[in-house]
Amino acid sequence: DREDRIQLHLIAILYATKNDFDARGLEIGLQALRELDCHLPSNPGLFYIARELFKIRRLIKKVGKDRIGNLPPARNEKVKGIVDIITALLPNAYNNKENLQFAFTMKICELTLRYGIFPVSGLGFMMLAAVSIIRLGDFALGISLGKTALDLTEKYGTPREKYIVNFLYG
């Protein structure tokens, strides 16, 4: 069953991550995502990142920056599994493949805007805010996304996400 397979993939990812951020964890996770019909490149290039950023900006405009915090909690179990796998992959991607970490962050934001709020939605938007400011120089968008991230995390985040988001915002 799909939920059992997701749990098995999560265990394998966490084991590889604990084992000095072994890159095999990323391979396992990307394969798990493909099994859930979520196809992300293992080495996203500039074109992929630009296209995904454009998609997210379009979704933010459609939803409304000020209304993101009012989205309902996500209910789709398959999509929750995708987000769980991406969340497990973030530390490994941070240590091994920066562009893949950014792709994961954008996917969390995209899925939030399409399906509703996840406990890690605030973290996704905070990381997108940081990239908007640091890499793109878009301070207005970054500050707005940062405030959205704080709001989402306060309402829906776990204590872990709250600590991380507040640290990053500071």
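For the single chain, residues carry numbers from 1 onward in sequence order. All figures in this text were calculated on a predicted structure; none of them were measured in a lab.
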From [X] [atom1] over to [Y] [atom2], what is the distance, rounded to the nearest 0.5 angstrom?
| X | Y | atom1 | atom2 | result |
| --- | --- | --- | --- | --- |
| R58 | L53 | CZ | CG | 12.5 Å |
| S121 | L152 | OG | CG | 6.0 Å |
| C109 | L59 | SG | CG | 10.0 Å |
| L141 | K65 | CG | NZ | 6.0 Å |
| Y48 | F102 | OH | CZ | 10.5 Å |
| M106 | L128 | CE | CG | 8.0 Å |

Side chains of [X] and [Y] in contact at under 4.5 Å (non-hydrogen atoms):
| X | Y | answer |
| --- | --- | --- |
| L113 | I60 | yes |
| L89 | L33 | yes |
| I82 | I6 | no |

Carboxylate-amine/guanidinium contact [X] [Y], below 4.0 Å:
| X | Y | result |
| --- | --- | --- |
| E27 | R24 | no |
| D138 | R57 | yes |
| K80 | D84 | no |

Is there a path of hydrophobic side-chain contacts, each under 4.5 Å between heavy atoms of I, L, V, M, F, W or Y residues, that connects [X] with [Y]?
| X | Y | answer |
| --- | --- | --- |
| I56 | I133 | no |
| M127 | L136 | yes |
| Y94 | L40 | no |
| V165 | F167 | yes |

Could you tell me whether a side-chain N or O of [X] sits under 3.5 Å from a main-chain N or O of [Y], the two making a donor and an acceptor?
| X | Y | answer |
| --- | --- | --- |
| T153 | L150 | no |
| S144 | A140 | no |
| N99 | G45 | no |
| K107 | I86 | no |
| K97 | S42 | yes |
| N96 | N92 | yes |

Begin with the C-alpha distance, continue with both residues' side-chain angles, and end with the deciding distance and a verdict on side chain to side chain contact (heavy atoms under 4.5 Å, CB included) for I117 and K155.
CA-CA 10 Å; I117 307 295; K155 289 180 184 176; over 6 Å; no

Which atom names give the shortest non-hydrogen contact between [X] and [Y], and what distance separates them?
| X | Y | result |
| --- | --- | --- |
| S132 | L145 | OG-CD1, 3.9 Å |
| I85 | A32 | CD1-CB, 3.7 Å |
| A129 | G146 | CB-N, 3.5 Å |
| G124 | I108 | CA-CG2, 4.0 Å |

Would you say that more than 12 heavy atoms from the other residues, nucleotides or ligands in this model lie under 6.0 Å from the CG of N76, or not?
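Count over threshold, so yes.
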
Run the numbers on L90 and T105 for side chain to side chain contact (heavy atoms under 4.5 Å, CB included), then give the verdict.
CA-CA 8 Å; L90 280 171; T105 298; 4.2 Å; yes

Steps toward side chain to side chain contact (heavy atoms under 4.5 Å, CB included) verdict (L30, R34):
CA-CA 6 Å; L30 289 168; R34 284 190 287 275; 3.8 Å; yes

Could you check F118 against V79 for side chain to side chain contact (heavy atoms under 4.5 Å, CB included), going step by step and ending with a plain yes or no?
CA-CA 10 Å; F118 303 92; V79 177; 3.5 Å; yes

